[in-house]
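Here is how names work: the chains are called A, B, and so on, in the same order as the sequence lines, proteins then strands, and each is numbered from 1. Because the structure is predicted, anything quoted here is derived from the model rather than measured.
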2 protein chains.
Amino acid sequence: MRENKFLAIYDDLVEQIQSGEIKPSTKLPSENEMVEQYGTSRETVRKALNLLSQNGFIQKIKGKGSFTLDVRKFDFPVSGLVSFKELVDKMGKPWKTIVYEMALEKPNSYIQKQLNIKANEQVWKIARARELDGERIILDKDYVCQSFVPTLSMETCEGSLFSYFEGELGLKISFAKKEISVDEPTEEDYKYLDLKDYKHIVVVKNYIYLEDASLFQYTESRHRLDKFRFVDFARRGH
Amino acid sequence: MRENKFLAIYDDLVEQIQSGEIKPSTKLPSENEMVEQYGTSRETVRKALNLLSQNGFIQKIKGKGSFTLDVRKFDFPVSGLVSFKELVDKMGKPWKTIVYEMALEKPNSYIQKQLNIKANEQVWKIARARELDGERIILDKDYVCQSFVPTLSMETCEGSLFSYFEGELGLKISFAKKEISVDEPTEEDYKYLDLKDYKHIVVVKNYIYLEDASLFQYTESRHRLDKFRFVDFARRGH
DNA sequence: GAGTGGTCTAGACCACGCC
DNA sequence: GCGTGGTCTAGACCACTCT
C-alpha cells in the first residue's frame, strides 16, 4: 500500500484491470460508489481515476461512467521514462548487456552543449550494447555529470544505471525530453553493433532532468532499424 | 476567454510564458498569490498549474515554488495529437498537400483488423503526399469508418481532415495510440514520394479514438528517413 | 427524475526549503 | 517560523445520459 490515498486507489484499480479481475470495456463502479468503498472524499477518488485515464487504462464518459480500455491492445508503451532493463524484463526475453566503455572524461563540445555544462566539469561516459537473440541491436551511450554521480562501478553498468541513480543515490528523476530521428551509422555503431547491411540507424536522444529541473544525464540510444519500435499513448488534452 | 476557470488561468499563463512576459527559469507567483490574482480557490489554481506541468511549461518544487522551464529548448512536440497542418503551420514553412486517392471502399483484411470492423462496413481511404521544399517526403494514408463520416470532399482532403471532423462534424477526438517503426518502402511509397535512394521508410501508425472510446480512424504516416523527427516530453508519473 | 462525471469552493493538515 | 507546494475533505452546482 502506498503512502497516498489516491495512489493506493490507483494501484488497486490498475491491479484489478491488469489481472483481468475487471474485464476490458466494462463499467467501473461510479465515483460515489468508490467514495463508499474506499472511505474517502470524491475529489480523491477522482484524482485516482484521472491518473488511470491519463495512463490509458480507462475512459471517462460524462453521464455514463468510467470504462476500462482494452489494455492488451495498447501493449507496452515505450513512452514515458522506461529503462531498457525494465522493458526487456517485461517482455521476458533473454538478453545481455555488454559494457564497452566506462570512463570519466572531459566532455567534447557536443556533449558539453547537450548537457549544458562548463568545459572543466567531468562527465561519465558509458557505452553499452544490448544483445537480444544473439544480436547486438542497440547501442546506448550515456553521459552523466560527475557532480551528481561521484562514483560508478562496472557491475552497475552491467545492470541498470537507472535503478542505481534512483535507488542508491536517491536522485529523483522528474521528466525527460525524447527526440527520435534517423541517421547514418558511425564507426562506433559498426564496431559495437551487428548492423548487417543497414545503411541507417534510429537515434533516440534522451535528455533527463531531476526534480529541481536540472539536466543531469544525456543518453543516446542507437537502434538497428529492423528492431526499433516505439509506442505512445496520448490524450488530446484541453 | 475559455469556459472553465482553470483553463482560463492555464491559457493566461501559457500566453505569458510563450510571449516571454514570464522569462524562462523564473519563479511564478505562489499558489496563494494566484488565488488572490484570479479570485478563485486554490484547487482551481492548482488544476491549471498541473496542466502546465504536464505539458512541460513549468516545474513545481515543493517548498520553493513553480518555475518556468525553457520552452525554446523543448521545441515543438510532435507528441500528443497534432495534425500535419497544425505542425507545418507552426513552423511557418511553405508546403503543399497532394491528394492521390479519395475513395469509399470495402476494407481489405488488414484494414478491417486495424479498424476492428466488419467486412461489409465501408471505409474512406485517403492517400495524400506532403510536399516540403519541393519534395514529397510524407505519405499519409487515412482510413475512416463511413459510419462516422458520411460525406467527404476533395477540398477537405486538401486541407485538414482533422479540423473537418472536429469542427464541422462535431466529432470529439479523445485519445490516440501511436506506433513508430521502420519498414521497407512499398510500391505506393515509390510512386507517391520522392524517395531518393533510401531503402527504408519510417512508419507511424496512428489509432484514433473518440470520446466514447470507439476507434474511428486509422492513419499510416510514411516518412522519408532523413526528414523524420519526433519529439516527446514525458513526466515520470507516480 | 435519478444517476453520472466535471467544476468549484473554503478550509484543513502535512512535508519541505529557507532564514 | 514562515512560506511553499501536496493531500484531503464535505459540500455545492452544473451538464450530460438514460429511462
Side-chain angles (χ1 to χ4, degrees), chain A residues 1-13 25-54 57-69 170-172 174-175 210-214 235-238, chain B residues 1-13 25-54 57-69 170-172 174-175 210-214 235-238:
Chain A
M1 181 110 128
R2 286 217 254 179
E3 61 281 14
N4 294 330
K5 282 197 184 179
F6 80 92
L7 287 177
I9 299 174
Y10 173 79
D11 288 346
D12 186 40
L13 291 170
S25 307
T26 57
K27 190 177 164 300
L28 289 178
S30 78
E31 296 181 351
N32 285 321
E33 284 171 316
M34 290 194 189
V35 165
E36 300 275 320
Q37 251 181 67
Y38 292 103
T40 70
S41 73
R42 193 172 150 225
E43 283 292 354
T44 301
V45 168
R46 284 177 55 71
K47 230 165 152 179
L49 291 178
N50 283 334
L51 243 193
L52 287 166
S53 168
Q54 268 174 43
F57 288 103
I58 65 169
Q59 178 74 353
K60 309 182 81 180
I61 305 176
K62 202 193 289 193
K64 294 179 85 171
S66 299
F67 298 82
T68 50
L69 293 174
L171 293 173
K172 284 185 185 156
S174 177
F175 61 93
L210 299 179
E211 275 196 326
D212 64 352
S214 59
R235 291 205 99 84
R236 178 156 185 84
H238 302 287
Chain B
M1 180 109 131
R2 285 217 256 178
E3 60 283 11
N4 293 331
K5 281 197 184 179
F6 80 92
L7 287 177
I9 298 175
Y10 172 79
D11 288 345
D12 186 41
L13 291 169
S25 304
T26 57
K27 189 177 163 300
L28 289 179
S30 78
E31 296 181 351
N32 285 321
E33 284 171 315
M34 289 195 190
V35 166
E36 300 274 321
Q37 254 180 65
Y38 292 104
T40 72
S41 73
R42 192 171 151 227
E43 284 291 353
T44 302
V45 168
R46 285 177 54 71
K47 228 165 153 179
L49 291 178
N50 284 333
L51 244 194
L52 286 167
S53 168
Q54 268 174 43
F57 288 102
I58 66 168
Q59 178 74 353
K60 310 182 82 181
I61 305 176
K62 203 193 287 194
K64 293 178 86 171
S66 299
F67 298 83
T68 50
L69 293 173
L171 293 173
K172 284 185 185 154
S174 177
F175 61 93
L210 299 179
E211 276 196 325
D212 63 352
S214 58
R235 293 204 98 86
R236 179 157 185 84
H238 303 287

Taking only nitrogen or oxygen atoms into account, show me every contact under 3.5 Å that the protein makes with nucleotides 2-6 of chain D, one pair per line with its distance.
residue: D/dG3; atom: N2; partner: B/Gly63; partner atom: O; Å: 3.1
residue: D/dT4; atom: OP1; partner: B/Ser30; partner atom: OG; Å: 3.3
residue: D/dT4; atom: O2; partner: B/Gly63; partner atom: N; Å: 3.4
residue: D/dG5; atom: OP2; partner: B/Glu31; partner atom: N; Å: 2.8
residue: D/dG5; atom: N7; partner: B/Arg42; partner atom: NH2; Å: 3.3
residue: D/dG6; atom: OP2; partner: B/Arg46; partner atom: NH1; Å: 2.7
residue: D/dG6; atom: OP2; partner: B/Arg46; partner atom: NH2; Å: 3.4
residue: D/dG6; atom: OP2; partner: B/Lys60; partner atom: NZ; Å: 3.0
residue: D/dG6; atom: N7; partner: B/Arg42; partner atom: NH2; Å: 2.7
residue: D/dG6; atom: O6; partner: B/Arg42; partner atom: NH1; Å: 3.1

Steps toward side chain to side chain contact (heavy atoms under 4.5 Å, CB included) verdict (B/Tyr38, B/Asp12):
CA-CA 10 Å; B/Tyr38 292 104; B/Asp12 186 41; 2.5 Å; yes
Could you pull out all residues at least two apart from A/Thr68 that satisfy side-chain hydrogen bond (donor to acceptor under 3.5 Å, both in side chains)?
none
Value in whole Å for how far the P atom of C/dT9 lies from CD of B/Glu36:
13 Å
From CD of B/Glu43 across to P of D/dG11 the rounded distance in Å is 17 Å
N or O in side chain of A/Thr44 less than 4.0 angstrom from D/dT7 OP1/OP2
no
Round to a whole Å and report the spacing from OH of B/Tyr10 to P of C/dT7.
14 Å
Can you give me the closest heavy-atom contact between B/Lys27 and B/Lys64, atom names plus distance?
CE-O, 3.3 Å
B/Glu211 CD to D/dC16 C1': how many Å, rounded?
11 Å
Taking NZ from A/Lys5 and P from C/dC13, how many angstroms apart are they, rounded to a whole number?
15 Å
Go through the steps to decide whether B/Met34 and B/Leu13 satisfy the test side chain to side chain contact (heavy atoms under 4.5 Å, CB included), and finish with yes or no.
CA-CA 11 Å; B/Met34 289 195 190; B/Leu13 291 169; 4.2 Å; yes
Starting from the C-alpha separation in whole Å, work towards a yes-or-no answer on side chain to side chain contact (heavy atoms under 4.5 Å, CB included) for A/Leu49 and A/Leu52.
CA-CA 5 Å; A/Leu49 291 178; A/Leu52 287 166; 4.0 Å; yes
What's the CG-P distance between A/Leu210 and C/dG17, to the nearest Å?
13 Å
Under the side-chain hydrogen bond (donor to acceptor under 3.5 Å, both in side chains) test, residues paired with A/Asn32 that sit two or more places apart
none
